[in-house]
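Everything on this sheet refers to the single structure shown next.
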Amino acid sequence: MKTILYLTDFYYVAKGRAYYREDLYITSKLKNYFNILIGHPHQANSYLEYADIIIFRNTGSVMKYEPYFREFVHNVKHKGLLTFNSFDGKGDQRGKNYLLYLTRIHFPVIPTVDKLQKLDRLGISESYMVKMKNGADSIGQQQINIEDIHSIELSGKIIQPFIDFIYEVSFVYLNDRFQYAVYAPQKDKRWELIEYIPSASDIAFADQFIQWNHLTRGITRIDACRLQDGTLLLVELEDLNPFLSLQVLTKNKQEIFIKNWIEILQAM
Ligand SMILES: Nc1ncnc2c1ncn2[C@@H]1O[C@H](COP(=O)(O)OP(=O)(O)O)[C@@H](O)[C@H]1O
Ligand SMILES: [Mg+2]
């Protein structure tokens, strides 16, 4: 049996989500196929070599322990450790800069700039969303009216138009394979999710980001918003430690997801 070091912060408090419950479920399933060591992401650097595979899971926002996290990623690269996710993604695992790039190359993302001189590239908007480039869990996120936007301090931040979307939908992938989607039909309740059955064009939408990101191994969540005219725009390409909302799925679908994941881990 291979050994997995499963990194998670059971006590991380996230709005509307019980991270630890998901990890208790996942580890209870993985333990039938692997030896499981459970570690805390804030103190794993001294025992990384004890496992064949390191799973980086519901570890919370890395903002709160950024230097230690950087050291972790450095160790993984220099010691050639096998991690899931791999750390070669271009999405959220490197902060929100990818949104600037995807905007420039005309991918369907919420238009994003990081300089006030470029505000006109966002189209007409009465209000804006300002976010920290290294933010997560909505930390530091602010809605700003057009009258106030010119006086905002923008270093380390991005600006987007404030979008009046209908709902948010998340597409979950294992490597480059779509697994399931969930959505929040009530927009003010972002984490009250139910399963969403995507159309072929919804999946094609999400696939293009997976292909662009080209992550070697991992779980990716593509978060999108549905606009009033029916189109989808990317909100976030979460390729570091997406919460999976597995509890929303039927038992059968949960098991299929776990089975697919175990197959990938066994082949690593
Ligand atoms: N441009 C926007 N307009 C309106 N709402 C937004 C916008 N960007 C984000 N949001 C809302 O804020 C939430 C968090 O934003 P997100 O970009 O996913 O940041 P985080 O990294 O903090 O998860 C989204 O799920 C969505 O509900
Ligand atoms: Mg998000």
Side-chain angles (χ1 to χ4, degrees), residues 12-17 19 22 57-66 69 85 89-103 107-114 116 118-119 121-146 148-149 152 154 156-173 181-194 196 205-206 209 213 219-229 231-245 248:
Y12 190 82
V13 180
K15 262 183 248 153
R17 288 156 286 168
Y19 279 13
E22 184 159 282
R57 208 60 288 286
N58 288 322
T59 50
S61 164
V62 299
M63 247 172 103
K64 295 179 181 154
Y65 63 106
E66 188 120 28
F69 173 71
N85 293 2
K90 297 180 281 196
D92 215 63
Q93 52 174 255
R94 295 201 206 162
K96 294 195 189 291
N97 278 311
Y98 68 98
L99 292 166
L100 300 166
Y101 179 70
L102 290 178
T103 299
F107 267 57
V109 303
I110 297 180
T112 307
V113 296
D114 63 352
L116 287 169
K118 295 182 181 167
L119 215 52
R121 299 195 192 165
L122 303 184
I124 297 159
S125 189
E126 281 171 17
S127 113
Y128 295 90
M129 192 64 119
V130 175
K131 303 179 193 175
M132 280 153 68
K133 285 185 178 173
N134 66 349
D137 285 340
S138 307
I139 298 165
Q141 192 172 295
Q142 282 174 287
Q143 187 182 350
I144 309 278
N145 287 332
I146 188 156
D148 302 320
I149 195 74
I152 202 97
L154 263 188
K157 295 180 184 164
I158 56 167
I159 319 180
Q160 301 177 329
F162 189 88
I163 306 280
D164 179 26
F165 54 76
I166 306 173
Y167 59 78
E168 288 176 83
V169 52
S170 296
F171 303 87
V172 175
Y173 283 72
V182 293
Y183 84 126
Q186 281 179 273
K187 136 176 215 186
D188 53 337
K189 296 186 174 143
R190 166 78 179 101
W191 295 105
E192 284 189 17
L193 298 166
I194 55 175
Y196 175 84
F205 166 87
F209 294 104
N213 196 34
I219 302 177
T220 306
R221 201 184 69 211
I222 303 294
D223 291 342
C225 60
R226 177 81 66 192
L227 305 188
Q228 307 290 340
D229 70 2
T231 56
L232 285 174
L233 288 182
L234 183 83
V235 178
E236 187 172 20
L237 195 171
E238 175 52 272
D239 59 355
L240 178 63
N241 54 2
F243 182 64
L244 301 174
S245 304
V248 166

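Heavy-atom basis, side chains included; hydrogens, waters and symmetry copies ignored. One-based numbering along the sequence shown. For ligands, and for the atoms within them, numbers begin at 1 and follow the listed sequence. Nothing here was measured: the structure is a model prediction, and the numbers come from that model.
- Under 4.0 angstrom from ligand 1, there are no non-hydrogen atoms of Q143.
- Set against the non-hydrogen atoms of D137, the atoms of ligand 1 under 4.0 Å away are 20 (P), 22 (O), 23 (O).
- Residues I152 and Y128 have side chains not in contact (no heavy-atom distance under 4.5 Å, counting atoms from C-beta outward).
- Between Y167 and Y183, the ring-plane angle classifies as perpendicular under the 30° and 60° cut-offs.
- Between the side chain of T59 and the backbone N or O of R57 there is at least one donor-acceptor pair closer than 3.5 Å.
- In this structure, D223 has no heavy atom closer than 4.0 Å to ligand 1.
- Residue P161 has at least one heavy-atom neighbour below 4.0 Å for each of these atoms of ligand 1: 1 (N), 2 (C), 3 (N).
- The closest approach between a heavy atom of Y128 and any atom of ligand 1 is not below 4.0 Å.
- Using cut-offs of 30° and 60° for the angle between ring planes, the W191 and F243 rings count as perpendicular.
- Between D137 and R17, at least one side-chain nitrogen of the basic residue sits less than 4.0 Å from a carboxylate oxygen of the acidic one, meeting the salt-bridge criterion.
- Of all the N, O or S atoms in E236, the one closest to the Mg ion (ligand 2) is OE1.
- Residue contacts with ligand 1 leave out E238, since none of its heavy atoms falls under 4.0 Å from the ligand.
- Interface of K131 with ligand 1, defined as ligand atoms under 4.0 Å from a residue heavy atom, comprises 8 (N), 9 (C), 15 (O), 16 (P), 17 (O).
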